[in-house]
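Just the heavy atoms: all of them, side chains too, but no hydrogens, waters or symmetry mates, feed the values below. Quick note on labels: first sequence line is chain A, next is B, and so on, each numbered from 1. Everything numeric here is computed off the predicted structure, so don't read it as measured data.
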Number of protein chains: 2
Amino acid sequence: MSKEEAIFKLIPAFRKHGYEGTSLTMLSKATGLGKASLYHYFPGGKSEMAATVFDYIGSELGKSVLKTLQGEGEPKLKIQAACESLREFYDSGRNSCFLAIMSFGEADKLFHDKVKARLELMIENLAKVLVEAGIEKEIAKIRAQDAIAQIQGALVLVRILDDTKPFERVIEGLPGRLLG
Amino acid sequence: MSKEEAIFKLIPAFRKHGYEGTSLTMLSKATGLGKASLYHYFPGGKSEMAATVFDYIGSELGKSVLKTLQGEGEPKLKIQAACESLREFYDSGRNSCFLAIMSFGEADKLFHDKVKARLELMIENLAKVLVEAGIEKEIAKIRAQDAIAQIQGALVLVRILDDTKPFERVIEGLPGRLLG
DNA sequence: GTCTATATAGGGATAGAC
DNA sequence: GTCTATCCCTATATAGAC
């Protein structure tokens with residue numbers, strides 16, 4: 001099994017159970033590898049697995065959403081395309097966000113800086129496009145933050161209410177709220 | 001030690017570490033009681049402790065925010081007062097919300113219905129005031145949901161960015177967005 | 001690279017003295 | 001009501017064979 005394949009199989013486990021809620025036994029079952037084999041790929045154990053998954057997810061997000069935002073084109077179109085990427089990325093809100101997952105308990109202790117850096121990166125990329133669209137820099141940053149907060153909040157609601165509509169609504173309204 | 005006193009001391013532990021991240025050892029230290037003494041107050045163990053804390057927090061929220069919303073008076077003023085209660089309740093965003101905490105991993109398995117019911121109660125109460133203010137019922141429900149999502153999202157950002165401004169901003173703008 | 005077997009620590013929970 | 005001592009289980013992690 002390739003390392004990437006292993007990473008791929010670890011994702012849903014961490015997503016569903018959170019960092020502390022995911023045991024090596026679960027990760028072993030999820031991958032089909034024995035515990036000891038997991039340590040072959042991830043000598044640092046569970047924390048390395050989580051960190052690797054986090055980075056992998058981040059690079060996936062970079063390839064879709066951030067790539068879209070950084071490309072050429074009309075800001076409004078780029079934002080619309082990015083929203084569509086976000087919908088896929090979060091599977092209409094059914095996928096929890098690793099930023100939120102990793103911001104609690106022991107995961108927060110281990111990965112706080114990493115998580116913060118990723119969130120700031122997303123905010124910056126989004127704000128940049130708003131500036132391209134003629135919005136003042138400080139306003140742009142605030143709108144970008146609020147947009148990401150809306151997404152995070154919608155993910156919480158979807159999880160609790162078992163209903164993807166709150167997420168769909170946020171995505172629907174996002175371009176308008178970002179561009180004013 | 002009274003049971004209420006014990007509950008009170010359990011709160012910050014669960015808030016900080018989440019359900020699975022909080023061990024009986026932590027809860028023992030937080031209360032100053034031995035593990036066995038905790039079982040005197042909570043025979044159901046950790047899950048009963050968490051459920052009791054969740055209900056306690058819910059009743060606190062009922063006494064402040066929901067009470068304000070259900071009282072007599074101008075809808076706009078009630079909403080403004082409720083927002084102020086929310087700011088205190090979440091300590092400007094420094095307190096995580098138990099709805100979010102309990103919506104992951106094992107806690108979700110144990111408490112999903114309880115959590116969902118509480119969230120729906122909050123949405124209904126908020127929507128009711130909007131209807132009083134002359135807003136159409138379906139719109140009111142959606143706005144109430146979105147408002148709570150914004151709060152939840154802001155709490156995530158505050159945690160990760162170590163900055164309460166996203167939360168303050170949401171609270172500031174909430175009455176306006178709710179009433180249109 | 002994957003396994004079985006195991007080490008060691010900590011988890012939740014209980015018994016029973018006081 | 002609170003404690004000490006303990007039970008059993010699962011957790012993470014490692015050793016070493018194949």
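Phosphate proximity of dC3(D) to Ser37(B): present, with a side-chain N or O under 4.0 Å from OP1 or OP2. At the phosphate of dG11(C), OP1 or OP2 sits under 4.0 Å from a side-chain N or O atom of Thr25(B). The shortest distance between the side-chain N/O atoms of His40(B) and the OP1/OP2 oxygens of dG1(D) is below 4.0 Å.
Summarising the geometry of Ile101(A) relative to Ser96(A), their closest heavy-atom pair is CD1-CB, 4.0 Å, with the distance given to 0.1 Å.
Remark: Lys46(B) is positioned above the aromatic ring of Tyr19(B), its terminal NZ or CZ atom under 6.0 angstrom from the ring centre and at most 45 degrees off the axis.
A straight line from OH of Tyr39(A) to P of dG16(D) spans 17 Å, rounded to a whole angstrom. For the pair Glu5(B) CD and dG1(D) P, the computed distance is 13 Å after rounding to whole Å. For the pair His17(B) NE2 and dG12(C) P, the interatomic distance rounds to 12 Å; values are reported in whole Å. What separates NZ of Lys29(A) from P of dT10(D) is a distance of 10 Å, to the nearest Å. Straight-line distance from the CD atom of Glu20(B) to the P atom of dA11(D): 11 Å, rounded to whole Å. With rounding to whole Å, Lys35(B) atom NZ is found 7 Å from dG12(C) atom P. Atom-to-atom, NZ of Lys46(B) to P of dG11(C) comes out at 9 Å; the value is rounded to the nearest Å. For the pair Leu27(B) CG and dG11(C) P, the interatomic distance rounds to 10 Å; values are reported in whole Å.
Comparing dG11(C), dT14(D), dT4(D) by their nearest atom to the side chain of Ala36(B) picks out dT4(D).
Residue contacts for Ser2(B): at a heavy-atom cut-off of 4.0 Å it reaches no nucleic acid atom on any strand shown. Residue-level contact check: Ser28(A) touches neither bases nor backbone, having no heavy atom under 4.0 Å from any strand.
In this structure, Phe104(B) has its ring center no closer than 6.0 Å to that of Phe104(A).
Using a distance-only test at 3.5 Å, with no hydrogens or angles considered, a donor-acceptor pair links the side chain of Lys78(B) to the main chain of Leu69(B).
Ion pairing of Glu84(B) with Arg87(B) is present here, as a side-chain N (NZ or NE/NH1/NH2) and a carboxylate O approach within less than 4.0 Å.
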